[in-house]
Amino acid sequence: MTRLVLLGATGMMLAGVAGCATPPPASDPDAVADFNQTNDPLEPTNRVFYAVNNGIDAVLLKPVALAYTWVVPPVVRTGVHNALTNLNSPVLLANDMMQGKPRRAGDTLMRFVINSTVGVAGVFDVATGWGYPYHPSNFGETMALWGVPEGPYLFLPILGPGNPRDSSGYGVDVALDPLSWVRGAAITDANYGRYGLTLVDVRASLFDSLDKATAEALDPYATVRSLYRQHREAEIAAAKADNRATTPDWYPSKPAQ
Amino acid sequence: MDMLTRRTLLTASFAAAAVLGLGLLPRMAAAQTPQQATAFVDQAGKDLIAVVNGAGATADKQAKLKQIVDKVVDVDEVGRFCLGRFWRTATPPQQQQYLDLFHQVLLKNIAGKLGDFQGVTFTIGRATPRDGGTVGVATVVTRPNVAPANVEWVVSASSGSPRIVDVIAEGTSLRLTQRSDYASFLSHNGDSVTALMDAMRKQLAQPG
């Protein structure tokens, strides 16, 4: 995983020294407004990495994910997805707490306890039915709630779409993962296996949505950029808006204001 | 309080209510209530599902699907939105041609997804007023072997009857995504609406 992070960092540095998009002339205010809204000053470099990633995807990731969906029945795939999600719970919990969202942290903790036991090591997602639904959480989101701006759009090899905030947040999430603290050949191999499987699981989940959206697009790069941004903003908005009370319903509380 | 003042008060409040009511009534007719939007989305969804999950040849189903889409989606409004600032610079014949093409591309894309939506069901959630007098109706769309998706339908009554103007799937707006796709294509093709229309024609010529 450190190798991935390194690759990401190299990508960012490369992006820094390589080509920048030429802003439109100030005489065309509409075009300037468009340029600023797109917030993609590194577009030429990003497009190169987008093409590189598509190449890697076409020869490696996509065939593997396709084989996975053909060979493994949906029930098993759901189980694998649930187990991987459950293993990520400590990272989620840490972020929920750093975001100052006690109810979200409570949801994550209850999910981890219920699914690890009743859900047989996380294979079955029992907690959702019991009133503890899943929510995404990561350090990029945490920084967003702390007021860190996203910065310009970045497209990195392997990691895909992002920005300085979210892409560096990914590195922090890896460091926050207790499973990455454990040393030993066996656990390291198991961790690589887990990261690999996560990659395949995520890729397989995108056949339905992302592959179709890019197939219908005139400029798939711009479509991915727009989808990523909107999705991210929606996740952050959902985390921000989740201010559920921490006292139970029966607890005598102040009258509603 | 004596009888007279009470009656005066009563009359006054009646008058106030009447004035308010009269003032409000025409506005209620032009705008839409969340209940109306919810009922509209519920009906439109049921109509669509009846076609998708119903029996019949694919071609028949696609024809029926097109009829429903024409009725429930404000395609012209969505098309104008997707062209963004280039709508104003396009000539009237270009605008007409573009809307025509947009209509066909949209229908082709929807018809192509027919198979993916076999066995689809949905539940209606909350309706919330949004910008420009539109109402967003939240739904949860469930398909076999796929995680349930939160989909919000944005309904506008500006054309006289309720029509869908945007679909927001898991936080991503379909028309916003389409607009950024077109905007990027245009900026890389000399801001030429003609080039965009040629690309759309190519899309239509592709099988599928």
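Reminder, nothing fancy here: chain letters follow the sequence lines and each chain counts from 1.
Proximity to chain A (any heavy atom under 4.5 Å) is shown, for B/K202, by neither the backbone nor the side chain. Both the backbone and the side chain of A/T223 come within contact range of chain B, with heavy atoms under 4.5 Å apart. Of the two parts of B/S173, the backbone and the side chain both hold a non-hydrogen atom closer than 4.5 Å to a non-hydrogen atom of chain A. For B/L176, the parts lying under 4.5 angstrom from a heavy atom of chain A are both the backbone and the side chain.
Once rounded to the nearest 0.5 Å, the distance linking CD of B/E170 with CD of A/E235 reads 9.0 Å. Atom CD of B/Q178 and atom CD of A/E216 lie 8.0 Å apart (nearest 0.5 Å). The distance from the CG atom of B/D198 to the CG atom of A/L218 is 11.0 Å, given to the nearest 0.5 Å.
For the pair B/S184/A/R225, a side-chain contact is recorded, criterion being any heavy-atom separation below 4.5 Å from C-beta on.
Remark: the backbone N or O of A/D219 is paired with a side-chain donor or acceptor of B/D181 at under 3.5 angstrom.
Summarising the geometry of A/H231 relative to B/T172, their closest heavy-atom pair is N-CG2, 3.7 Å, with the distance given to 0.1 Å. Heavy-atom minimum distance, A/E43 versus B/H188: OE2-CE1, 2.9 Å.
Residues of residues 82-102 of chain B that come within less than 4.5 angstrom of chain A, heavy atom to heavy atom, are B/R85, B/R88 in numerical order.
Within a 6.0 Å sphere centred on NZ of B/K61, other residues, nucleotides and ligands contribute more than 12 heavy atoms. Counting heavy-atom neighbours within 6.0 Å of B/K113 NZ, excluding the residue itself, gives a total above 12. By the 6.0 Å contact criterion, CZ on A/F124 is open, its count of non-hydrogen atoms from other residues, nucleotides or ligands being 12 or less. Other residues, nucleotides and ligands contribute over 12 non-hydrogen atoms within 6.0 Å of the OH atom of A/Y228. When the shell of 6.0 Å around CZ of A/R244 is examined, it contains more than 12 heavy atoms from other residues, nucleotides or ligands.
The greatest number of non-hydrogen atom pairs below 4.5 Å with chain B, out of A/A234, A/S226, A/A213, is found for A/S226.
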